Amino acid sequence: MKFGDMSYNRITYEEIEKKFLELTDKLRTAKNAEESMEAVREIYALEADMTLIDICSVRHDMNINDEFYAAEQDYYDEIGPKITELFSEFDKLLLESPYRAELEVLLGKQAFISMENGQKSFDSRLVPLIAEENALSSQYNKIASGMTADWQGEKIKPSLMAVYLFSDDRETRRLASLAVSEAWEKERSKIEDIYQSLVKNRSSQALTLGMKSYSELSCLLMNRIGYGQEEIARFRDSVKKQIVPLNELLKERRRKRLGLDKLRFYDGISFPDGDPVPVGGTEYCLEKTREMYRAMSKETAEFIDFLLDNDLYDAEIRDGKRGGGYMQYLNKYRAPFIFANFDGTSENAYIMCHEGGHAFQAYLQRNEEIRHKCGYTSESAETHAMAMEFFAAPYMELFFGERAEDYRAMHLEGAVSLILSSCQQDEFQQVVYDNPDMTSEERNALWARLSKEYFPSSDYSGNDNLERGCGWQRIQHHFFWPFYTVDYALAQVCALEYCKWMEQDREAAWNSYLGFCRSTGSDSFPNLTRAAGLDDPFAESTLKELAEWVETRLKD
């Protein structure tokens, strides 16, 4: 079914609660594992009915100024924590079931570990706090989505400024960067107030659960299994030792390539004649996306025809449309949906590879009846997406023509930089949530300090907003998905491993990737990487070997 044809009507909390109470009673009185599974299957059916909430969320993001869907989203933000409470009660009964051993065989042990983490990270006392957290995040969304930059007498969304930010004319880049920064600076005080309230709120959640900080709570919320804060901190330290020097070397090579005496805050381009851009517009890129996935494998060919034939995407930038991109799985229709913002740059191709990786994995598991086996963690999910970026790399001629090799080099350089920025964001958040009484000025100073640690040669002079350390305010994850970004770094390490492996044996790498996607949800991230034949992404030796490979791979 096409996305536009999917009907919507509000599903109320009362409807959901009534069904939940029936099913919790059914589970509580089950006389064996099979009767327990009947209740579980009915929960799956209820979750499918709740796809209406996801449809609302996507349509709201497509136009935050649509008053109908804005009101519907406000309603779901309000009842969301209470729905979480219902699921928590059902999970508790599964954990305490006298038939747990048999249910673990049917649902998988990973599902029960995730349920245990859920029990530790939720309490009914958190319901009003989570509702407030949702409302605060929505405030940020409205500000960021409605923001415009003053550019040559026009008001332009910052997301549409990319063509100027990556222009081959240096003065255009400088002025565009300043225009975007001025737009963020106008909203700075509001954004800082929202974040201050979010930090206070999330810290209160942790204290309510008896934890010392939200950093501790985040490991449970992010469902980290097989590792925790200590391993992440060591990973960040290894990144500083192995990846920072590599990135500085790549930046120096880029500086020479651009013929500049120094890279400034507006010199984000990779080539003196401008970065590669697709040779066609939105429809062209969608057509080439289909061609690429059809050529890649029989599995991806089936996937992309299903996605595009059913209009399961939204790619155009519009006034009022939320920025960024994501994949939303629509459970009732067993269909992935890609939300994107094509801006005329290489993003037009990149996002259909990255979000395409998410969507492809969801498509592979769409017919899995035991939905607990589809409950992947985010570092595994991002591996699906980032590895797909590299499996798609051989097909970039479809988008960029004779500049395809330039795109591949730029993308590999960007992968290195992404590991650093993701770790910087994670360390920033850990310090912030371990010290929740910091002022906005202290948080900005912290970001400025960490920027120097992860990107030592960066020069923000002449841009007060960035030089002051306000760049973190542009990153949605701080407001919507705290502590998510380190998962990008871990996944990028795995993706680079796949890239290296693909050059040696493409078929073996692809089969490993398919196995990783199909088994995600059945085990922890560390165990999945081992089973896939990947080196330990946390190990400094892995980072060292990848850094040496990338340096050689990108030699001019």
Side-chain angles (χ1 to χ4, degrees), residues 77 80-96 110-137 140 194-237 375 377-380 422-440 442-443 446-447 450 472 475 477-490 524-526 538:
D77 285 345
K82 294 192 289 184
I83 294 174
T84 300
E85 186 175 12
L86 295 175
F87 274 99
S88 179
E89 179 60 27
F90 192 86
D91 287 349
K92 183 179 179 182
L93 290 174
L94 283 174
L95 290 167
E96 296 173 350
Q110 176 80 358
F112 281 82
I113 296 172
S114 296
M115 285 183 234
E116 288 170 348
N117 283 345
Q119 293 297 302
K120 295 173 185 175
S121 61
F122 183 80
D123 185 288
S124 59
R125 293 172 295 171
L126 299 186
V127 169
L129 285 170
I130 298 174
E132 179 188 56
E133 179 186 16
N134 290 341
L136 288 167
S137 298
Y140 173 82
I194 290 171
Y195 194 65
Q196 176 72 26
S197 297
L198 278 170
V199 171
K200 180 180 178 182
N201 175 292
R202 290 165 178 162
S203 298
S204 295
Q205 292 183 42
L207 292 174
T208 299
L209 294 173
M211 299 179 190
K212 61 182 180 181
S213 76
Y214 188 76
S215 298
E216 181 182 353
L217 175 57
S218 73
C219 283
L220 295 172
L221 292 170
M222 293 303 300
N223 203 17
R224 308 220 183 274
I225 299 172
Y227 67 99
Q229 285 180 283
E230 290 184 10
E231 288 80 6
I232 291 172
R234 285 198 296 271
F235 173 71
R236 293 195 310 251
D237 287 342
T377 51
S378 54
E379 73 284 79
S380 295
S422 299
C423 287
Q424 178 185 352
Q425 292 166 47
D426 186 74
E427 186 168 353
F428 171 79
Q429 290 175 97
Q430 182 170 344
V431 175
V432 165
Y433 284 105
D434 285 348
N435 301 274
D437 294 328
M438 292 176 73
T439 64
S440 295
E442 289 171 331
R443 291 190 191 108
L446 168 64
W447 183 260
L450 291 174
W472 64 269
I475 302 168
H477 292 76
H478 295 307
F479 299 85
F480 292 100
W481 312 287
F483 289 97
Y484 190 109
T485 55
V486 74
D487 294 341
Y488 288 122
L490 291 165
S524 67
F525 173 67
F538 290 93

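The structure presented is a predicted model; accordingly, all values stated were derived computationally and were not measured.
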Checklist entry - Any sub-3.5 Å donor-acceptor pair from Glu231's side-chain atoms to Gly228's backbone N or O? => result yes

Can you confirm whether [X] sits close enough to [Y] that some side-chain heavy atom of one is under 4.5 Å from a side-chain heavy atom of the other?
| X | Y | result |
| --- | --- | --- |
| Phe122 | Phe87 | no |
| Val432 | Tyr195 | yes |
| Phe428 | Arg443 | yes |
| Val486 | Gln430 | no |
| Cys423 | Phe235 | yes |

Checklist entry - Can Gln119 and Ser88 be counted as having a side-chain donor-acceptor contact under 3.5 angstrom? => result yes

Next on the checklist: Testing the 3.5 Å rule here: is there a donor-acceptor pair between the side chains of Gln205 and Asn201?
Outcome noted: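 Present: a donor and an acceptor within the cut-off.
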
Can you tell me how far [atom2] of [Y] sits from [atom1] of [X], rounded to the nearest 0.5 angstrom?
| X | Y | atom1 | atom2 | value |
| --- | --- | --- | --- | --- |
| Thr485 | Leu490 | OG1 | CG | 10.0 Å |
| Asp434 | Ser203 | CG | OG | 9.0 Å |
| Gln110 | Thr377 | CD | OG1 | 6.5 Å |
| Asn223 | Phe525 | CG | CZ | 13.5 Å |
| Arg236 | Leu450 | CZ | CG | 9.0 Å |
| Lys82 | Ile130 | NZ | CD1 | 13.0 Å |

Next on the checklist: Can you tell me which residue among Met211, Met222, Arg202, Lys212 is in a side-chain contact (heavy atoms from CB on, under 4.5 Å) with Leu217?
Outcome noted: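 Answer after filtering Met211, Met222, Arg202, Lys212: Met211.
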
Item to check | Intermediate values then yes/no, side chain to side chain contact (heavy atoms under 4.5 Å, CB included), Tyr214 and Leu209 | outcome: CA-CA 10 Å; Tyr214 188 76; Leu209 294 173; over 6 Å; no

Which atom of [X] lies closest to which atom of [Y], heavy atoms considered:
| X | Y | value |
| --- | --- | --- |
| Cys219 | Gln229 | SG-CG, 3.5 Å |
| Ala131 | Pro81 | N-CG, 3.4 Å |
| Phe479 | Ser137 | O-OG, 2.9 Å |
| Gln425 | Ile475 | OE1-CG2, 3.3 Å |
| Leu94 | Phe112 | O-CE2, 3.6 Å |
| Arg224 | Asn117 | O-ND2, 4.2 Å |

Checklist entry - How about Phe483 and Tyr433: are their ring centroids closer than 6.0 Å? => result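 Yes, they do, as the ring centres are separated by less than 6.0 Å.
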
Next on the checklist: Does Glu96, at its CD atom, have more than 12 non-hydrogen atoms belonging to other residues, nucleotides or ligands within less than 6.0 Å?
Outcome noted: yes

